[in-house]
Each structure stands twice: as C-alpha cells, then as structure tokens.
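The block underneath contains the structure these notes are about, expressed in structure tokens.
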Amino acid sequence: MLLEPDMFAALIPLVLSLAPQLAGMIFGSKGADATAKVATVVQTVVGTAADLSAPGGVAAAVAHIQANAQASSDLAAKLADLHLQMQKQQDEAAEALRQDALDELKTRLADTGSARAMATELAKAHSGLAYGSVVVSVVIVAAFGATTYAVLAGHLSATDAQFGSVLVGTLAAMATQVANYWLGSSQSSSAKNVLLANAQNNLASSVPGNLMKAANKS
C-alpha cells in the first residue's frame, strides 16, 4: 500500500513507539519500500475500522490502535516480524554482494596464477618467451612514465596534450595490470583480508543489540 509522505508522517510516531528498530529502514535508502510494507501491516491490523487510503483514514487508524490495547499489541508483533523479514532480505543482498566480490577476487587470482605458471614453464624450457612478460612490463611502465612526464612538463602542444592525457589514462590502466601481475600475491591477500574484515563487521552490525547482550550473558 502506497501512502503520500504527509499521510504516512502521521503514522511515524505510532510505528516507531511500537517498533523503534524500523527507524533505520523507514529513513534509509529503501524507505519507500519500507513505508509501503508498514502501511500494509497497519491496514491489516485495523481492518475495516479505518481505510488508510481514504481522507482521514490515517488519523482514524491511529486513534483505533491507541484506544485498543489488543490492536496495539498485534501491530507491535507484526511490525517486529516485518523488521525480521526486511533485515533478512538486507542480509541476503549484502551477502550476495560480498560473494560477488569474492568470486571476482578468485577469478583475478586464477588468471594471475595461470599466467605465472606459464611463464615458469617457459623459463624451465629455456624459452625466450619466458622473458616476454618482463619486456612488456618494462615497456608499459616506461611508456607510462615518459608520457606522464611529457604531459605534466608541458612539452606538448594543446592538441597533443589532449591526446596525451587520454594516453596517460590508458597507460595507467595497463601499468596497474602490470603491478597486479608482479605484486598480485600480496595485493590479493590484502584485498581478501579486507573483504573478510568487512564481512565480519557487517555480520556484527546486523545482529540486534538485545541478542548480543543475551549471548554475552549466557
């Protein structure tokens, strides 16, 4: 159920008094979805006593819940269930993002490992191709350094400087790939540690405070 912002605003004090844990979701990035779900829950509780979409319906619903202890209790329970459902959805979405990042990291590790393994085998076979990665890396880094110097030192004309700026960006990306190739092990390990640390922090922040207190007491 979708309500106008000013209409839903009349529900906020009542909703937050019964389920303060919903504040972050109502005022979060997906607040529109949260408010629609909250309004649907409120309408379910009040039933035919009020129509939230009708003029004066929100005020009638608030008055009905405040005057009816059972309705207030039912609404608190349903809002708590709604919070758990929405929290679960957020956790699943966050976990999917973390898994995508981890899969991407694994792919980069596999690509780097494959390239290094090939270079090692070529070196064992005393093949000149084993030095290909070294030569390409030196050429890219040298070209990046020379082009960057030429652009920053002002040795190029206005037209050439524009082209040089584009070339610097392209070479910067290639130089980054070179760094990833030669320093990939330590860099990937650091990135993996960051991902794991973020996952632990997100998990800790997603656990309600009362559950953490109960766990500590036990």
Side-chain angles (χ1 to χ4, degrees), residues 1-109 188-218:
M1 175 182 293
L2 294 177
L3 294 180
E4 294 296 328
D6 55 341
M7 295 176 64
F8 184 80
L11 280 176
I12 291 179
L14 174 64
V15 170
L16 295 185
S17 67
L18 298 175
Q21 66 271 28
L22 283 172
M25 296 179 177
I26 292 175
F27 300 108
S29 59
K30 296 185 178 181
D33 180 60
T35 55
K37 292 179 178 179
V38 169
T40 299
V41 169
V42 173
Q43 184 63 73
T44 300
V45 172
V46 299
T48 58
D51 183 0
L52 297 183
S53 61
V58 172
V62 172
H64 173 77
I65 294 170
Q66 291 177 338
N68 190 321
Q70 184 60 47
S72 179
S73 177
D74 290 345
L75 179 58
K78 290 183 180 298
L79 289 176
D81 290 340
L82 175 63
H83 175 262
L84 291 177
Q85 294 173 7
M86 296 178 66
Q87 185 64 57
K88 181 180 179 181
Q89 292 174 354
Q90 288 185 355
D91 291 344
E92 289 175 348
E95 179 60 29
L97 289 176
R98 288 193 293 269
Q99 187 60 48
D100 289 342
L102 185 58
D103 290 342
E104 182 181 355
L105 177 59
K106 289 180 179 178
T107 300
R108 292 203 304 266
L109 282 171
S188 298
S189 178
S190 176
K192 182 179 180 180
N193 291 336
V194 171
L195 284 174
L196 292 176
N198 289 339
Q200 292 175 347
N201 292 334
N202 290 334
L203 178 60
S205 62
S206 68
V207 178
N210 58 342
L211 292 182
M212 292 294 291
K213 292 179 181 178
N216 291 332
K217 290 181 181 180
S218 61

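Because the structure is a prediction, the values reported are computed rather than measured.
For D81, the side-chain hydrogen bond (donor to acceptor under 3.5 Å, both in side chains) test picks out no residue, with sequence neighbours left out. Residues passing the side-chain hydrogen bond (donor to acceptor under 3.5 Å, both in side chains) test with E92, sequence neighbours excluded: none. Residues satisfying the side-chain hydrogen bond (donor to acceptor under 3.5 Å, both in side chains) test with Q90, not counting sequence neighbours, are none. Not a single side-chain contact (heavy atoms from CB on, under 4.5 Å) links L97 to another residue, sequence neighbours left out.
A side-chain contact (heavy atoms from CB on, under 4.5 Å) with I65 is found for one member of V15, L75, D74 and no other, namely L75.
Within the 4.5 Å cutoff, no side-chain heavy atoms of L82 are placed close to those of K78. At a threshold of 4.5 Å between non-hydrogen side-chain atoms, the residues L102 and R98 do not count as touching. Residues L14 and V42 form no side-chain contact, since every pair of their non-hydrogen atoms from C-beta on lies 4.5 Å or further apart.
Expressed to the nearest 0.5 Å, how far CG of D100 lies from CD of E95 amounts to 10.0 Å. In this structure, Q87 CD and Q89 CD are separated by 10.0 Å, a value rounded to the nearest 0.5 Å. Distance check, rounded to the nearest 0.5 Å: CD1 of I26 to CG of L16 gives 5.0 Å. L22 contributes atom CG, which lies 11.5 Å from atom CD1 of I12 (distance to the nearest 0.5 angstrom).
Among pairs with a residue in residues 11-34, those fulfilling side chain to side chain donor-acceptor pair (under 3.5 Å) read D33-K37, at least two apart in sequence or across chains. For residues 15-29, there are no salt bridge (charged side-chain N to carboxylate O under 4.0 Å, His left out) pairs, not counting sequence neighbours.
Panel note: side chain Q66, backbone S72; no donor-acceptor pair is recorded below 3.5 Å. No donor-acceptor distance shorter than 3.5 angstrom exists from the side chain of S73 to the backbone of A69, with no hydrogens or angles considered.
Between A10 and V62, the shortest heavy-atom distance links the atoms O-CG2, 4.0 Å. Of all non-hydrogen atoms in L52 and A39, the two that sit nearest each other are CD1-O, 3.3 Å. Heavy-atom minimum distance, A71 versus V45: O-CG1, 3.5 Å. A50 and A61 make their closest contact through CB-N, 3.6 Å (heavy atoms, listed as atom of the first residue, atom of the second, distance).
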